[in-house]
Colleague: 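One structure coming up, written as structure tokens, with questions to follow.
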Number of protein chains: 2
Amino acid sequence: MTKTRAAARLPLNEILCGDCTEIMEGLPEASVDLIFADPPYNLQLKGDLRRPDNSRVDAVDDAWDRFASFEAYDTFTRAWLAAARRILKPEGAIWVIGSYHNIFRVGAALQDQGFWILNDVVWRKSNPMPNFRGKRLTNAHETMIWAGRDQGAKYTFNYDALKALNDGVQMRSDWVLPICNGHEREKDAAGEKAHPTQKPQSLLHRVLVGASNPGDVVLDPFFGTGTTGAVAKMLGRDFIGIERDQGYIDVARARLDRVRKFDRTALEVTAGKRTEPRVPFGQLVERGMLRPGEMLVNGRGQQAKVRADGTLVVDGLKGSIHQVGAALDGAPSCNGWTYWSFVRDGQRVPIDLLRQQIRAELG
Amino acid sequence: MTKTRAAARLPLNEILCGDCTEIMEGLPEASVDLIFADPPYNLQLKGDLRRPDNSRVDAVDDAWDRFASFEAYDTFTRAWLAAARRILKPEGAIWVIGSYHNIFRVGAALQDQGFWILNDVVWRKSNPMPNFRGKRLTNAHETMIWAGRDQGAKYTFNYDALKALNDGVQMRSDWVLPICNGHEREKDAAGEKAHPTQKPQSLLHRVLVGASNPGDVVLDPFFGTGTTGAVAKMLGRDFIGIERDQGYIDVARARLDRVRKFDRTALEVTAGKRTEPRVPFGQLVERGMLRPGEMLVNGRGQQAKVRADGTLVVDGLKGSIHQVGAALDGAPSCNGWTYWSFVRDGQRVPIDLLRQQIRAELG
DNA sequence: CAACGTGCTGAATCAAGCT
DNA sequence: AAGCTTGATTCAGCACGTT
């Protein structure tokens, strides 16, 4: 009976194979701090789409994204949300990502079940797939809903960490991040993308830094190739993954084995100092251009450690790239962008180069 | 009776005072090209919000934004959407703007009533109000839903005009625009903002340029201080405004009197090739620009013979310029106009050049 | 001069689907 | 059936300048 299974220990840092609703029903009540869910979008695709050069778009045509009707999709959604709600701690929170095909149904279901929406967050893709037919706007964003378990319930929000990640100004509800491709994109044996909708690590990085703490339990009921687990592991959170496709699980397991946790000081997050500059240093970290724990070096060879929220630490000294630089030089101020370098292939490279890359991407 | 009122003429460029559902029920069926709606957001604000300096934030606390529950809000939403759908032409479209408080309920209701979502569009505010309490992300965007009346229905989309607006690249689904303030913000007699949620004209400009044509009828059931009407008038569209607050209507009337329509050349908009007159390939033969028996050549050097009726033949293969091109490439389709060239003075010249000559003659 | 680094350009690649 | 429909990124190739 459920009672027995519910008493079972929480299977931390494992991937459970099966239907997420059923599996969540077997987990102990009020045991999870954060849920990140990337459910099927119900894209309702028909026929095939070709580019102007007649090549075929490799679209999402997997069985798991097919539903007979909005009603069928609603039934599915309400079932997994109810199961998710039961295992969520009273002060836990849920994030769900979707597109216009499904997100309105998900949002209404969340509200109907008593979740309390805290923000909707727009992921603005810096490099979306264009609209090949020229019949609509380029679909350049996806929407995440962040909700607490109940109206008035407490929830985790690391305001200052996100502010630091955003170089000293409040984090907004729209996040500009590139889609997942290149080396970060998991490949199958044939060298093809292993999953059609793999999310970028930078997105999960921001969610987990902002809405969870080290040691928290983060559950992902649609684990796919395990981005949530990978970022949770790096950030020192425990994860629980649920996925019904064994092929995806195999890819995720191999991926998680490769992932290393960032060290402890890198994970500590500022309590709230800031500076003025305009392009967030934290983005270099979120995007994986610099790893938390990596050392930066100044002109005199002094080293500073990069932390997950985009701040630096040297001995007891913590702060932004500018603050730490100024303190080391005993100067009233310092432009951290030109002050710090990182090391690649034995060469010192100014971090400003990375900022220029981001600026180029953003146009 | 409704029947009588429904037969009434369309009240163009007027503001009707009253409940929008009732008034729309009295308008003729299938008579409106575009609906832009900015319904109450159901913000559910409690208490008051103060800035760090203890000044009070002038929030939306008007009676029109209070609903007892999500159910009450849904009932309201489904009623006005049904009335809106009846007066929409089969090839018309609707835009609805909202925030996370209401947009998920609006989106689900749209889908449930048979509207077909074409895009969701994020208005990314370049200057949003900060989050004073530091308890959530800065609420820096609102969401618009663009939907056709039915799945598969035609709709107006001025692809090339929006592309031109966007510096020559496809318009994306996220629009960065400042909020409405300064001189554009309508003031009441006391010099205070006349309406708490006045939308910027830039937003409506983009919607109307992209999703309507000059002479179209644009209806706004929550007219407020008349931004939709003002931009419609400037752009040479007819508007119908519905508003139940006489105070807002007075402000809107005065505003509309001040607005001047742009002149004709300013209103002309980059048109796509689609809207150019269709020229049958056979006309090139009829006019003697190509001779029957002459050979066309594709990119791979394969040749096809032009016949007197404007069809091509290669070996046993006969058909239109498009069909033969597709068959030779083993492709599902082909644009024969760009696929085939003829030879003049040893040079390959695309046949599309001849079509352009004919179009130029047609004006 | 050879060897190598830099920067430009154009081809190739690839992206939650859209008459 | 006609005929209209991309943009960001990566990487190889190559000219050119420096060591």
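Letters A, B, ... are given to chains in the order of the sequence lines, protein chains preceding strands, and every chain is numbered from 1.
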Colleague: Mind checking the P distance from D:dT10 to C:dA16? Whole angstroms is fine.
Modeller: 15 Å
Colleague: In whole Å, what separates the C1' atom of C:dC1 from that of D:dG17?
Modeller: 14 Å
Colleague: Does anything in residues 106-120 of chain B reach DNA chain D, meaning a heavy atom under 4.0 Å, and if so which residues?
Modeller: none
Colleague: Without swapping roles, check the side chain of A:Asp65 against the backbone of A:Asn42 for a donor-acceptor pair under 3.5 Å.
Modeller: yes
Colleague: When you measure from the side chain of B:Asn166 to the backbone of B:Val169, do you find a donor-acceptor pair of N or O atoms at a distance under 3.5 Å?
Modeller: yes
Colleague: Within the distance-only criterion (no hydrogens, no angle test), does the side chain of A:Arg255 pair as donor or acceptor with the backbone N or O of A:Thr225 below 3.5 angstrom?
Modeller: yes
Colleague: Using a cut-off of under 3.5 Å, enumerate the N/O to N/O pairs linking the protein to nucleotides 5-7 of chain C.
Modeller:
none

Colleague: Applying side-chain hydrogen bond (donor to acceptor under 3.5 Å, both in side chains), name anything that partners B:Gln170, two or more places apart in sequence or on another chain.
Modeller: A:Thr138, B:Tyr159
Colleague: Give the rounded distance in Å between these two atoms: CZ of B:Arg172 and P of D:dG7.
Modeller: 11 Å
Colleague: When the C1' atoms of D:dG3 and C:dC18 are compared, how many Å lie between them, rounded to an integer?
Modeller: 16 Å
Colleague: Write down the protein N/O and nucleotide N/O pairs, taken from nucleotides 14-17 of chain C, whose separation is under 3.5 Å; answer none if there are no such pairs.
Modeller:
unit_1: C:dA15; atom_1: OP2; unit_2: A:Lys193; atom_2: NZ; d: 3.2
unit_1: C:dA15; atom_1: N7; unit_2: A:Arg51; atom_2: NH2; d: 2.7
unit_1: C:dA15; atom_1: N6; unit_2: A:Arg51; atom_2: NE; d: 2.2
unit_1: C:dA15; atom_1: N6; unit_2: A:Arg51; atom_2: NH2; d: 3.4
unit_1: C:dA16; atom_1: OP2; unit_2: A:Arg185; atom_2: NH1; d: 3.1
unit_1: C:dA16; atom_1: N7; unit_2: A:Tyr41; atom_2: OH; d: 3.3
unit_1: C:dA16; atom_1: N7; unit_2: A:Lys199; atom_2: NZ; d: 3.2
unit_1: C:dA16; atom_1: N6; unit_2: A:Asp38; atom_2: OD1; d: 3.0
unit_1: C:dA16; atom_1: N6; unit_2: A:Pro39; atom_2: O; d: 3.2
unit_1: C:dA16; atom_1: N1; unit_2: A:Tyr41; atom_2: N; d: 3.4
unit_1: C:dG17; atom_1: O6; unit_2: A:Gly47; atom_2: O; d: 2.8
unit_1: C:dG17; atom_1: N1; unit_2: A:Lys46; atom_2: O; d: 3.4
unit_1: C:dG17; atom_1: N1; unit_2: A:Gly47; atom_2: O; d: 2.6
unit_1: C:dG17; atom_1: N1; unit_2: A:Leu49; atom_2: N; d: 3.2
unit_1: C:dG17; atom_1: N2; unit_2: A:Lys46; atom_2: O; d: 3.1
unit_1: C:dG17; atom_1: N2; unit_2: A:Asp48; atom_2: O; d: 3.2

Colleague: Please convert DNA chain C into dot-bracket. A pair counts if it is Watson-Crick or G-U wobble with both distances under 3.5 Å; crossing pairs go in [ ] and bases paired with another strand get |.
Modeller: .||||||||||||||....
Colleague: Which residues pass the side-chain hydrogen bond (donor to acceptor under 3.5 Å, both in side chains) test with B:Lys154, not counting sequence neighbours?
Modeller: none
Colleague: Start at the 5' end of DNA chain D and walk down; is the nucleotide closest to A:Gly182 or to B:Gly336 reached first?
Modeller: B:Gly336
